[in-house]
A.B. asks: 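Structure provided below as structure tokens; questions to follow.
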Protein chains: 2
Amino acid sequence: MARKKTQSFDDQKEVILQGAAELFARRGYLGASMNDVAQACGLSKASLYHYYRDKDDLLANIAEAHVARLAELVKSVQGDASIAPADRLDVLITRFLTEYADAQNSHRVLTEDVKFLPPVARERILQLERVVVNGFAHAIGVQRPDLAEAGLHKAVAMLLFGMLNWMFTWMRPDGALNYVTIAPLVRDLFFRGLGGIQIPSLAKPPVPRER
Amino acid sequence: MARKKTQSFDDQKEVILQGAAELFARRGYLGASMNDVAQACGLSKASLYHYYRDKDDLLANIAEAHVARLAELVKSVQGDASIAPADRLDVLITRFLTEYADAQNSHRVLTEDVKFLPPVARERILQLERVVVNGFAHAIGVQRPDLAEAGLHKAVAMLLFGMLNWMFTWMRPDGALNYVTIAPLVRDLFFRGLGGIQIPSLAKPPVPRER
DNA sequence: CCTACCGATCGGTAGG
DNA sequence: CCTACCGATCGGTAGG
């Protein structure tokens with residue numbers, strides 16, 4: 001009895017989270033009101049506040065649950081002895097795109113709305129994002145140790161994230177090209193491209209540039 | 001006298017546009033109020049409405065002016081006989097990053113806030129964006145005609161735009177790596193990577209996939 | 001005294 | 001170019 005109650009409480013929280021993510025993704029965090037969220041979830045606004053303290057709490061939970069899954073994914077690949085270090089980047093790209101395909105609303109909220117969170121909650125999420133970026137940067141450094149030595153592996157990781165995260169702005173999930181079928185293209189492009197990057201002579205102003 | 005009036009009217013419009021772009025970029029379109037904009041520009045909210053009809057008008061002007069410059073840039077490269085077709089993509093990447101460096105606020109507004117415009121104004125801007133994307137896609141098709149035949153040149157163009165547009169989320173303009181110094185990395189990565197893309201067998205369900 | 005919720009409305013602020 | 005406001009709607013909370 002008490003068990004069933006707790007069960008449905010957590011279930012209801014999850015339903016609300018999904019509904020809110022869908023609305024925040026479509027209209028933006030500030031563009032979706034708590035009344036909108038409540039209506040989409042089939043309950044009153046007052047009931048909504050029974051499950052989440054305030055609007056920020058809703059946003060923080062959506063973003064943190066998603067980025068925590070991504071960070072967990074990075075750690076599981078790093079800790080998987082059956083994956084050779086040289087294969088990690090390849091596996092990471094594929095697994096991330098698969099994860100993205102199932103979490104489009106949450107990912108959009110993570111990339112567009114975290115800036116509206118108060119500093120403490122925002123910082124907690126940025127910390128998890130750093131874990132993810134560092135995981136990719138490290139895997140890139142395995143492929144190109146010279147890039148890591150030049151301090152460019154994180155920048156290159158961000159270029160890769162650009163390709164992945166920008167997909168939300170142009171890709172139709174039900175098209176011929178979706179988050180899963182595009183994975184080979186991204187891997188082909190990025191892996192081959194990684195070999196083409198020349199280390200520029202940055203931060204050495206005395207050296208004249210040759211053309 | 002009347003001349004001076006008109007002159008300062010347009011000047012004031014431009015000052016307001018820059019101030020609004022800065023606020024919209026930092027707090028988001030819905031997060032920045034018209035009072036905020038007025039205060040940032042050193043005038044009252046009522047005065048603001050003397051120069052722009054409403055808040056959407058401000059947003060539309062920021063986005064359209066920026067994307068029109070980008071579309072113009074594409075056309076100028078396409079129409080420049082001194083640039084060989086095979087060099088167009090290279091030139092486009094460099095020129096776009098230079099343009100981005102000077103229009104960071106406007107670009108952030110274009111990529112994040114256009115969704116808040118009413119359909120008619122939004123569609124006018126999306127139309128200009130299509131000109132830009134088609135310009136890049138065509139230049140990619142020159143490098144890899146088989147990609148264009150497979151209908152993948154636009155998707156690959158969007159992957160490139162992902163790298164470029166995502167920079168706004170992570171790059172510090174005053175860092176060692178800025179919009180200009182990163183250009184060689186992006187070009188190295190993308191040009192080499194372009195040669196690595198294999199055409200997947202999409203949209204041909206009868207053909208069994210070989211592993 | 002708890003939970004899960006409701007209709008109604010709070011103080012403030014938005015765009016205009 | 002300003003002060004003084006409006007209809008509406010915001011996020012959040014009251015009593016029951």
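Since the model is a prediction, treat every value here as computed from it, not as a measurement.
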A.B. asks: Which residue pairs pass the salt bridge (charged side-chain N to carboxylate O under 4.0 Å, His left out) test when at least one of the two sits in residues 29-43 of chain B, sequence neighbours left out?
C.D. replies: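 Sorted pair list: B:Arg27-B:Asp36.
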
A.B. asks: Can you list every ring-ring contact (aromatic ring centres under 6.0 Å, His included) pair that touches residues 172-191 of chain B, not counting sequence neighbours?
C.D. replies: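 Qualifying pairs: B:Phe168-B:Tyr179.
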
A.B. asks: Which of residues 21-46 of chain B sit near DNA chain D, with a heavy atom under 4.0 Å from it?
C.D. replies: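 Residues of residues 21-46 of chain B under 4.0 Å from DNA chain D: B:Leu43, B:Ser44, B:Ala46.
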
A.B. asks: What stems show up for DNA chain D when you take Watson-Crick pairs (N1-N3 plus N6-O4 or O6-N4) and G-U wobbles (N1-O2, O6-N3), both under 3.5 Å, and require three or more consecutive pairs?
C.D. replies: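 Correct response: none, since no qualifying run exists.
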
A.B. asks: Side chain of B:Asp87, backbone of B:Ile83: donor and acceptor closer than 3.5 Å?
C.D. replies: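 Not at all, since once roles are kept as given, no pair shorter than 3.5 Å links the two residues.
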
A.B. asks: Name every residue in residues 54-63 of chain B that has at least one heavy atom under 4.0 Å from any atom of DNA chain C, in order of residue number, or write none if there are no such residues.
C.D. replies: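 Under 4.0 Å from DNA chain C: B:Asp54, B:Lys55.
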
A.B. asks: Going by atom types only, do A:Arg124 and A:Gln127 share a side-chain donor-acceptor pair under 3.5 Å?
C.D. replies: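 No, because no side-chain N or O of A:Arg124 sits under 3.5 Å from a partner of the opposite role on A:Gln127.
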
A.B. asks: May I have the distance from B:Phe116 (atom CZ) to C:dG15 (atom C1'), rounded to whole angstrom?
C.D. replies: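 Taking CZ of B:Phe116 and C1' of C:dG15, I get 15 Å after rounding.
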
A.B. asks: Would you mind reading off the distance between A:His50 atom NE2 and D:dT13 atom P, rounded to a whole angstrom?
C.D. replies: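 Rounded to whole Å, this separation is 15 Å.
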
A.B. asks: Applying a 4.0 Å non-hydrogen cut-off, can you work out what B:Tyr51 is touching in the nucleic acid: base, sugar-phosphate, or nothing?
C.D. replies: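 Result for B:Tyr51 = sugar-phosphate.
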
A.B. asks: With sequence neighbours excluded, give me every salt bridge (charged side-chain N to carboxylate O under 4.0 Å, His left out) pair touching residues 148-161 of chain A.
C.D. replies: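 Listed once each, the pairs would be none.
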
A.B. asks: Rounded to whole angstrom units, what separation is found between the CZ atom of A:Arg53 and the P atom of D:dT13?
C.D. replies: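 About 10 Å, once rounded to whole Å.
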
A.B. asks: For B:Asp90, what residues pass the side-chain hydrogen bond (donor to acceptor under 3.5 Å, both in side chains) criterion, not counting sequence neighbours?
C.D. replies: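 Only B:Arg187 meet the side-chain hydrogen bond (donor to acceptor under 3.5 Å, both in side chains) criterion with B:Asp90.
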
A.B. asks: With sequence neighbours left out, write down each residue that passes side-chain hydrogen bond (donor to acceptor under 3.5 Å, both in side chains) with A:Arg144, or none if nothing qualifies.
C.D. replies: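 Testing A:Arg144 for side-chain hydrogen bond (donor to acceptor under 3.5 Å, both in side chains), a comparison that skips the adjacent residues, returns A:Asp146.
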
A.B. asks: What side-chain donor-acceptor pairs closer than 3.5 Å can you find for residues 66-73 of chain A, not counting sequence neighbours?
C.D. replies:
| residue | atom | partner | partner atom | Å |
| --- | --- | --- | --- | --- |
| A:His66 | NE2 | A:His107 | ND1 | 2.9 |
| A:Arg69 | NE | A:Glu99 | OE2 | 3.4 |

A.B. asks: Expressed as a whole number of Å, how far does the C1' atom of D:dG11 sit from that of C:dT9?
C.D. replies: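 Roughly 13 Å separates the two C1' atoms.
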
A.B. asks: Do the side-chain N or O atoms of A:Ser47 get closer than 4.0 angstrom to the phosphate oxygens (OP1, OP2) of C:dC6?
C.D. replies: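 Looking at the OP1 and OP2 atoms of C:dC6, one of them is under 4.0 Å from a side-chain N or O of A:Ser47.
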
A.B. asks: Quick test of your reading: applying salt bridge (charged side-chain N to carboxylate O under 4.0 Å, His left out), list the pairs with at least one residue in residues 161-183 of chain B, sequence neighbours left out, ordered by first then second residue.
C.D. replies: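 Sorted result for residues 161-183 of chain B: empty, none.
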
A.B. asks: Sequence neighbours excluded and cut-off under 3.5 Å, please list the side-chain donor-acceptor pairs for residues 17-25 of chain B, or say none.
C.D. replies:
| residue | atom | partner | partner atom | Å |
| --- | --- | --- | --- | --- |
| B:Gln18 | NE2 | B:Glu14 | OE2 | 2.8 |
| B:Glu22 | OE1 | B:Arg26 | NH1 | 3.1 |
| B:Glu22 | OE2 | B:Arg26 | NH1 | 2.5 |

A.B. asks: Taking side-chain hydrogen bond (donor to acceptor under 3.5 Å, both in side chains) as the test, write out the residues that go with B:Asp80, two or more places apart.
C.D. replies: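 B:Ser82.
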
A.B. asks: In whole Å, measure the gap between the P atoms of D:dG12 and C:dA8 for me.
C.D. replies: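 About 22 Å, rounded to a whole number of Å.
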
A.B. asks: For C:dG16, does OP1 or OP2 lie under 4.0 Å from any side-chain N or O of B:Tyr49?
C.D. replies: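 The answer is yes; a side-chain N or O of B:Tyr49 sits under 4.0 Å from OP1 or OP2.
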
